[in-house]
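When a ligand or atom number is given, it counts from 1 through the structure's own listing order.
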Amino acid sequence: MNFSLKDKVALITGASRGIGQAAAVGLAQAGADIAIASRKLPDLEKVAEQVRKTGRKCLPVAAHVARMEEINNLVGKVKEEFGKIDILVNNAATNPTMASAMDVDERAWDSIMNLNLKGLFFLSQAVARVMKEKGGGKIINVSSIAGITPDLLPVYSISKAAVLMATKVMAQQWAQYKIRVNAIAPGLTKTRFSEALWNNPDILKIAMGKTPMARVADPEEMVGAIIYLASDASSYVTGQVIAIDGGTTI
Ligand SMILES: NC(=O)c1ccc[n+]([C@@H]2O[C@H](COP(=O)([O-])OP(=O)(O)OC[C@H]3O[C@@H](n4cnc5c(N)ncnc54)[C@H](OP(=O)(O)O)[C@@H]3O)[C@@H](O)[C@H]2O)c1
């Protein structure tokens with residue numbers, strides 16, 4: 001079985017902290033050169049230093065991946081630097097509201113859907129065109145257990161469920177170009193994104209009550225599955241989702 005990513009090029013969005021940062025370092029340790037994107041370059045520079053310590057190259061690019069122009073600019077820069085993109089990890093996402101389905105407004109809907117779904121789709125399309133030209137690639141979408149079972153974040157849940165369907169659609173249509181597309185669905189993970197959940201004792205108690213392993217994940221615990229899906233170890237796997245959730249979705 002081959003888990004090596006030696007001499008592959010991986011682009012990871014939302015890689016300035018949390019799961020994306022862990023994925024950038026983990027994919028580099030598995031042998032890949034890395035391009036990382038998020039909106040803030042100074043944060044990316046710190047992660048780039050960490051990646052370079054593994055001996056691999058790292059290109060940080062500031063990009064708002066809900067904006068078409070910035071998506072195209074990002075893909076152009078990575079192609080210019082490395083000549084190819086073998087692996088895309090669509091990890092950037094947002095949830096600016098805790099409002100219920102009765103109260104949530106259009107502005108929050110647009111900001112969630114524009115990044116979590118539209119940006120993910122069109123970045124995948126732009127990268128898939130490069131992968132097609134170069135003979136194939138792997139796309140890994142970061143969904144959520146909230147996309148499998150609804151939770152406290154209604155529009156976010158809808159966006160993450162749509163990410164699972166986007167995974168299947170892309171897998172089905174792009175297999176002919178040797179592009180495999182899969183997803184991971186993390187459970188509650190200790191990052192800034194979910195701090196309002198794991199730092200709230202009442203919410204944490206409810207979440208852990210539904211989680212057989214009864215603990216929050218560390219971002220690094222998402223990396224093994226990402227390496228598996230990015231490598232030849234998963235050579236016959238496409239259109240699938242791996243929940244990494246301590247058993248919450250059982
Ligand atoms: N943490 C959890 O409990 C959990 C559970 C299930 C799924 N997930 C999923 O895991 C993924 C990573 O989340 P995380 O928990 O690691 O969050 P995080 O630590 O808050 O990191 C989010 C990353 O996304 C970037 N980002 C935000 N908006 C962006 C934009 N418009 N364009 C480009 N980059 C943007 C952020 O950087 P900038 O602010 O600099 O742009 C940051 O690098 C997300 O897809 C999330 O839905 C998380």
Side-chain angles (χ1 to χ4, degrees), residues 11-26 34-48 50-51 60-71 73-75 88-96 110-120 122-124 140-153 155-164 166-167 183-200 203-204 207-208 210-211 215-223 225-226 241-246 248-249:
L11 167 59
I12 302 143
T13 66
S16 62
R17 56 178 188 264
I19 294 170
Q21 176 180 14
V25 175
I34 304 291
I36 49 176
S38 81
R39 290 166 301 179
K40 299 178 200 100
L41 195 57
D43 294 350
L44 289 172
E45 297 283 8
K46 289 182 203 144
V47 178
Q50 227 186 325
V51 169
V61 183
H64 188 309
V65 293
R67 297 184 183 150
M68 294 300 287
E69 210 180 275
E70 297 193 32
I71 286 173
N73 177 53
L74 168 64
V75 175
L88 168 65
V89 183
N90 278 311
N91 170 74
T94 191
N95 179 71
D110 285 346
S111 101
I112 294 168
M113 289 298 175
N114 281 343
L115 180 61
N116 300 13
L117 186 58
K118 181 181 162 190
L120 176 142
F122 284 104
L123 177 60
S124 300
I140 296 119
N141 294 323
V142 180
S143 177
S144 167
I145 58 167
I148 298 170
T149 311
D151 68 357
L152 289 170
L153 315 172
V155 180
Y156 175 77
S157 284
I158 296 168
S159 76
K160 292 295 185 177
V163 166
L164 296 179
T167 302
I184 63 164
L188 190 57
T189 307
K190 207 162 191 173
T191 68
R192 194 190 302 173
F193 176 81
S194 56
E195 194 168 352
L197 305 178
W198 53 259
N199 221 3
N200 177 319
I203 295 177
L204 183 65
M208 292 306 97
K210 293 191 228 165
T211 303
R215 67 172 176 84
V216 177
D218 284 324
E220 289 73 21
E221 294 184 279
M222 304 300 140
V223 178
I226 296 175
V241 56
I242 301 176
I244 308 168
D245 65 351
T248 316
T249 48

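- Of all atoms in ligand 1, listed by their number and element, those nearer than 4.0 Å to a heavy atom of Leu188 are 3 (O).
- The shortest side-chain heavy-atom distance between Lys160 and Asn116 falls under the 4.5 Å cut-off.
- The CD1 atom of Ile34 sits 4.5 Å away from atom CD1 of Ile12, with the distance rounded to the nearest 0.5 Å.
- Each of the following atoms of ligand 1 lies closer than 4.0 Å to a heavy atom of Lys40: 38 (P), 39 (O), 40 (O).
- The shortest N/O to N/O separation between Asp43 and ligand 1 does not fall below 3.5 Å.
- Counting protein heavy atoms only, atom 4 (C) of ligand 1 is closest to Gly187 O, 4.0 Å.
- Residue-level proximity to ligand 1 for Ala185 is absent, since no heavy atom of it falls below 4.0 angstrom.
- In terms of polar-atom proximity, Val65 is counted as a contact of ligand 1, with an N or O under 3.5 Å from an N or O of the ligand.
- Between Pro60 and Leu41, the closest side-chain pair of non-hydrogen atoms falls below 4.5 Å.
- No more than 12 heavy atoms of other residues, nucleotides or ligands shown are found within 6.0 angstrom of CD on Glu69.
- Ranking protein heavy atoms by distance to atom 6 (C) of ligand 1, first place goes to Pro186 O, 3.2 Å.
- Atom numbering of ligand 1 starts at 1 in the shown order; those under 4.0 Å from a heavy atom of Val142 are 9 (C), 10 (O), 11 (C), 45 (O).
- Of the N and O atoms on the side chains of Asp43 and Ser16, not one donor lies less than 3.5 Å from an acceptor on the other residue.
- Contacts of Gln21 with ligand 1, taken as heavy-atom pairs under 4.0 Å, are absent altogether.
- Of all atoms in ligand 1, listed by their number and element, those nearer than 4.0 Å to a heavy atom of His64 are 31 (N), 32 (N).
- Distances below 4.0 Å separate heavy atoms of Gly18 from the following atoms of ligand 1: 16 (O), 19 (O).
- Of the protein's non-hydrogen atoms, the one nearest atom 25 (C) of ligand 1 is Gly14 CA, 3.5 Å.
- In this structure, Ala66 falls outside the shell of residues with a heavy atom less than 4.0 angstrom from ligand 1.
- Side-chain contact between Glu221 and Thr189 is absent, with no heavy-atom pair separated by less than 4.5 Å.
- With contacts defined as side-chain heavy-atom distances shorter than 4.5 Å, the pair Asn90/Val65 does not qualify.
- In this structure, CD1 in Ile145 is found 9.5 Å from OG in Ser157, a value given to the nearest 0.5 Å.
- The part of Tyr156 lying near ligand 1 is the side chain, judged by heavy-atom distances below 4.0 Å.
- In this structure, CG on Asn200 lies 11.5 Å from CD on Glu195, to the nearest 0.5 angstrom.
- Counting only heavy atoms of the protein, atom 15 (O) of ligand 1 lies nearest to Thr191 OG1, 2.5 Å.
- Put simply, the side chain of Ile19 reaches to within 4.5 Å of the side chain of Pro186, judged on heavy atoms.
- With ligand atoms numbered from 1 in the order given, ligand 1 contributes 1 (N), 2 (C), 3 (O) to contacts under 4.0 Å with heavy atoms of Ser194.
- By the salt bridge (charged side-chain N to carboxylate O under 4.0 Å, His left out) test, Arg39 is found to be paired with no residue, residues two or more places apart in sequence or in another chain being considered.
- The nearest protein atom to atom 33 (C) of ligand 1, hydrogens excluded, is given as Ala63 O, 3.2 Å; this is a heavy-atom distance.
- With a 4.0 Å cut-off on non-hydrogen atoms, Pro219 does not touch ligand 1 at all.
- With rounding to the nearest 0.5 Å, the separation of CD1 in Ile158 from CG in Leu153 is 11.0 Å.
- Separation of atoms CD (Gln50) and CD (Glu45) is listed at 13.0 Å; rounding is to 0.5 Å.
- Side chains of Thr13 and Leu120 form no contact here, defined as non-hydrogen atoms less than 4.5 Å apart.
- The nearest protein atom to atom 40 (O) of ligand 1, hydrogens excluded, is given as Ser38 OG, 3.1 Å; this is a heavy-atom distance.
- Close approach to Ala15 involves these atoms of ligand 1, each under 4.0 Å from a residue heavy atom: 43 (O).
- Within the 4.5 Å cutoff, the side chain of Thr211 has no heavy atoms near those of the Asp245 side chain.
- For atom 11 (C) of ligand 1, the nearest non-hydrogen atom from the set Thr189, Asn91, Ile19 comes from Asn91.
- If you look at Leu115 next to ligand 1, the close heavy atoms, those under 4.0 Å, all belong to the side chain.
- If you check which protein heavy atom lies closest to atom 22 (C) of ligand 1, you get Arg17 NH2, 4.1 Å.
- Of all protein heavy atoms, the one lying nearest to atom 29 (C) of ligand 1 is Arg39 NE, 3.5 Å.
- Ranked by closest heavy atom to atom 43 (O) of ligand 1, the top entry among Ala23, Ser16, Gly20 is Ser16.
- The closest approach between a heavy atom of Lys160 and any atom of ligand 1 is below 4.0 Å.
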